[in-house]
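Keep in mind the model is a prediction, meaning the values are calculated, not measured. Values below: all heavy atoms of this structure, side chains included; hydrogens, waters and symmetry mates excluded.
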Amino acid sequence: MKRPLLVGSLALAAGGLLISLAGIPASAAEDPRPSPPKASTSEALRDAKQAAADHPRAVRASSFDTFSSQAVRIDKDGTRHVHLDRTYRGLPVLGGDVVVHSAPDGNLRETSLTLKSPLSLSTDAKVSAKKAERTAERRFKAKRGTTHTTSSKLVVDALSGKPRLVWQVVVDGIAPDQSPSHLNTLVDAETGKTVRSWNDFHTADGTGHGFQVGDVTVGTTAVSGGYQLKDGARGNGETRDAQNLTAPGDIPPAGWGKAFTDTDNVWGNGELTDRATTAVDAHYGIQQTWDYFKSVHGRNGIKNDGVGARSFVHYGQNYDNAGWDDTSFSMIYGDGAPGQKPFTQLDVAGHEMSHGVTSATADLVYEGESGGLNESTSDIFGTLVEFDADNPEDAPDYLIGEKIDIRGDGTPLRWMDDPKKDGVSQSCWTSNTKNLDPHFSSGVGNHFFYLLAAGSGSSSWGNSPTCNGSSVTGIGNADAGKIWYRTLTTYLTSGSTYAEARTGSIKAAIDLYGASSTQCAAVEKAWSGVAVAATATTCGTTTPGGSNLLKNPGFESGATNWSASSGVITNSADGAPFAGSYYAWLNGYGSAHTDTLSQSVAVPSSGSPKLGFHLAIDTAETGSTAYDTLKAQVVSGSTTTTLATYSNTTPSGYTQRTLDLSAYKGKTVTIKFTGTEDGSKATSFLIDDTAVTTG
């Protein structure tokens with residue numbers, strides 16, 4: 001039976017009549033259950049800036065630092081994660097960004113950042129902007145590119161090593177292979193020497209043989225005389241014909257290229273004799289990438305703003321590459337060198353558009369270890385898009401670009417099970433990782449994810465050795481993907497290293513599955529398996545303190561390890577978890593009903609053992625009478641003891657509850673929650689992130 005919607009005093013205007021909906025079943029009202037109260041984006045940003053001002057040591061701030069918003073993420077329970085950009089004496093600081101993690105009430109919990117200490121340096125440049133620009137242009141021309149425009153700005157480089165004043169020069173133009181190029185060069189403003197450089201246009205690194213996606217459904221839009229290859233259901237994502245031209249200047253502007261139109265809404269013929277055949281491949285790539293991020297992570301488009309990406313096929317003359325351009329928010333695909341096929345494999349499309357997701361979240365700089373993390377993130381999500389699509393014409397695997405046949409021998413572009421198979425990528429982290437091209441340093445992240453998802457040793461997916469000789473049991477793509485998405489969007493910053501990614505992913509696993517979860521332990525083992533050493537952040541700890549003795553404490557493995565009434569452990573979108581996807585939902589039917597949830601646990605004989613959990617109470621009841629109750633209980637032998645009783649009289653969003661278990665030291669008991677509802681209005685008790693700890 002579907003549980004009734006609790007809407008409190010919500011009213012609906014219908015033909016001028018206000019109709020009270022308090023206690024009306026969902027089948028009649030069909031409005032979503034209200035989430036626990038949360039701060040607005042502007043409130044979260046305001047409080048995060050205030051936290052930075054109040055706690056300068058936590059954000060490594062000097063008296064000359066100011067902060068502005070890059071992104072705001074608010075969890076379902078109201079916990080806030082605000083990504084702030086930093087300026088020093090008015091200058092942008094590369095690698096100075098910080099994520100401020102705060103409680104639902106705005107109180108600071110912790111920060112994520114790369115900067116090691118407050119900045120202290122002169123902002124007087126000894127080298128002129130013109131000289132820095134000439135240095136960068138010479139670097140660009142040395143690569144035989146064609147310059148379009150050059151711009152520069154004075155910034156602080158804090159990406160690694162001692163912070164320094166630099167000119168960030170961006171040379172826009174066309175690379176020798178016809179790719180758009182946005183070459184960033186940092187020129188030391190004191191010495192005039194080049195510090196580092198990277199390209200903001202991301203390509204797959206090789207020639208392509210392409211593939212067909214077979215018979216698929218693609219989203220189109222009706223226009224006068226027929227249809228256009230524009231997907232109205234996915235933010236108007238569009239595929240256009242570049243007509244074998246390169247974009248004027250360096251990026252495809254709005255309206256550039258030719259729209260694909262058709263009178264009967266049947267596109268392509270499966271052969272390259274029809275220009276629309278390649279367009280179907282590309283459009284399917286937009287579609288499947290959008291669907292993966294939407295259905296799995298709740299992300300509404302690449303930038304999470306509901307706007308679809310553009311794809312341009314038949315780009316350039318014999319252009320044997322594909323790439324994502326964040327500036328124009330578009331993908332380009334070439335037809336390949338003579339005799340080859342277009343570079344439109346599904347995991348390539350997912351890879352490239354995932355660069356856009358990274359740009360909109362952690363904004364990992366495409367250089368050093370952060371560049372490797374950027375590239376591996378795209379390989380990870382490109383692979384997950386391929387698995388999510390499960391297209392029989394391109395069976396999912398942990399190979400990157402295997403249908404491109406870049407080497408002409410049937411081998412893929414990259415192997416995730418053991419990246420060093422390509423002869424240039426790293427399978428294990430070393431002190432030299434930061435010096436490699438991101439396509440090769442990405443191997444460390446790719447290998448980590450493979451171990452986390454599929455495990456070590458031989459399997460149907462590959463043969464993955466570990467760098468420390470250990471054995472790792474995989475947790476599957478679903479859990480591994482959720483952990484990496486939360487790591488990227490919540491804990492990584494622009495200059496993050498692999499060590500910091502280890503810390504962030506452990507925090508993400510704890511958020512989603514609990515500190516003593518199998519998932520968190522697997523994260524630690526997978527990082528150790530690629531030689532990324534342990535940091536101060538480890539699994540095995542949780543909010544009340546000590547090791548969590550409950551199994552599957554966040555319910556992310558469903559009903560495993562728990563005994564519960566039917567429907568109690570759920571991932572229903574009608575309610576809301578504290579973290580992750582699953583939670584326990586007791587009652588909420590608006591009729592006489594009892595739900596239970598329990599698990600047996602051995603309480604330690606030492607310490608100060610405690611029971612902890614997050615509880616949200618949503619009710620249609622009013623007044624101070626406890627009609628509906630939730631009891632937190634302990635069953636020891638034949639005796640059931642109620643530790644605490646909660647009711648409809650105190651509705652709230654998720655709140656941490658901690659109860660004493662000292663009376664049960666050395667005993668094996670059953671932790672039990674009993675929800676009892678009368679025959680009137682509904683009350684829901686939502687429980688998540690449970691723990692029994694040693695204290």
Side-chain angles (χ1 to χ4, degrees), residues 70 85 87-97 121-160 163-203 205 242 245-256 312 315-316 319 321 323-332 355-356 358-359 363-368 370-371 374 437-438 494-495:
Q70 177 173 316
D85 283 330
T87 61
Y88 173 76
R89 295 180 182 268
L91 301 180
V93 182
L94 302 179
D97 52 323
L121 71 159
S122 170
T123 56
D124 294 328
K126 296 181 179 179
V127 174
S128 69
K130 288 296 184 183
K131 182 176 181 180
E133 289 173 3
R134 287 195 296 270
T135 298
E137 287 173 347
R138 285 196 298 270
R139 187 179 187 88
F140 185 85
K141 291 176 180 177
K143 298 177 181 291
R144 298 183 180 179
T146 302
T147 302
H148 180 220
T149 61
T150 302
S151 59
S152 62
K153 61 181 178 181
L154 204 57
V155 303
V156 175
D157 173 24
L159 289 169
S160 63
R164 70 184 94 192
L165 186 69
V166 300
W167 289 102
Q168 182 178 8
V169 184
V170 180
V171 181
D172 291 330
I174 302 296
D177 67 352
Q178 305 178 71
S179 299
S181 181
H182 312 294
L183 184 65
N184 285 253
T185 301
L186 302 186
V187 179
D188 193 305
E190 182 175 354
T191 66
K193 294 182 178 179
T194 297
V195 176
R196 66 181 91 242
S197 66
W198 67 89
N199 193 347
D200 276 339
F201 179 79
H202 306 292
T203 66
D205 51 345
L245 302 173
T246 56
D250 56 339
I251 59 175
W256 186 76
F312 294 91
Y315 184 91
Y319 178 55
N321 217 325
W324 168 264
D325 183 77
D326 199 61
T327 304
S328 61
F329 204 59
S330 62
M331 276 285 301
I332 62 171
H355 279 304
T358 296
S359 176
D363 198 23
L364 292 159
V365 173
Y366 205 71
E367 186 269 343
S370 60
N374 189 320
D437 180 286
S494 59

In Å and rounded to the nearest 0.5 Å, what is the [atom1] to [atom2] distance from [X] to [Y]?
| X | Y | atom1 | atom2 | answer |
| --- | --- | --- | --- | --- |
| Ser328 | Phe312 | OG | CZ | 7.0 Å |
| Arg196 | Thr185 | CZ | OG1 | 12.0 Å |
| Arg134 | Lys131 | CZ | NZ | 8.0 Å |
| Trp256 | Thr246 | CH2 | OG1 | 6.5 Å |
| Ser197 | Leu186 | OG | CG | 8.0 Å |
| Lys193 | Thr135 | NZ | OG1 | 12.0 Å |

*Can you say whether the rings of His355 and Tyr366 are parallel (under 30°), tilted (30 to 60°) or perpendicular (over 60°)?*
perpendicular
_For the CD atom on Glu190, are there more than 12 heavy atoms of other groups (residues, nucleotides or ligands in this structure) within a distance under 6.0 Å?_
no
Do [X] and [Y] have side-chain heavy atoms sitting under 4.5 Å apart?
| X | Y | answer |
| --- | --- | --- |
| Asn184 | Gln168 | yes |
| His182 | Asn199 | yes |
| Val127 | Asp188 | no |
| Leu91 | Leu165 | yes |

*Pick out which of Val171, Thr194, Val187 makes a side-chain contact (heavy atoms from CB on, under 4.5 Å) with Arg139.*
Thr194
*For Ser359, what residues pass the side chain to side chain contact (heavy atoms under 4.5 Å, CB included) criterion, not counting sequence neighbours?*
Asp326, Asp363
*Which atom pair, heavy atoms only, marks the closest approach of Pro438 to Gly371?*
CB-O, 3.4 Å
*Would you say the side-chain atoms of Thr150 and Glu137 include a donor-acceptor pair closer than 3.5 Å?*
yes
*Would you tell me whether Thr358 and Asn374 have side-chain atoms, one donor and one acceptor, within less than 3.5 Å of each other?*
no
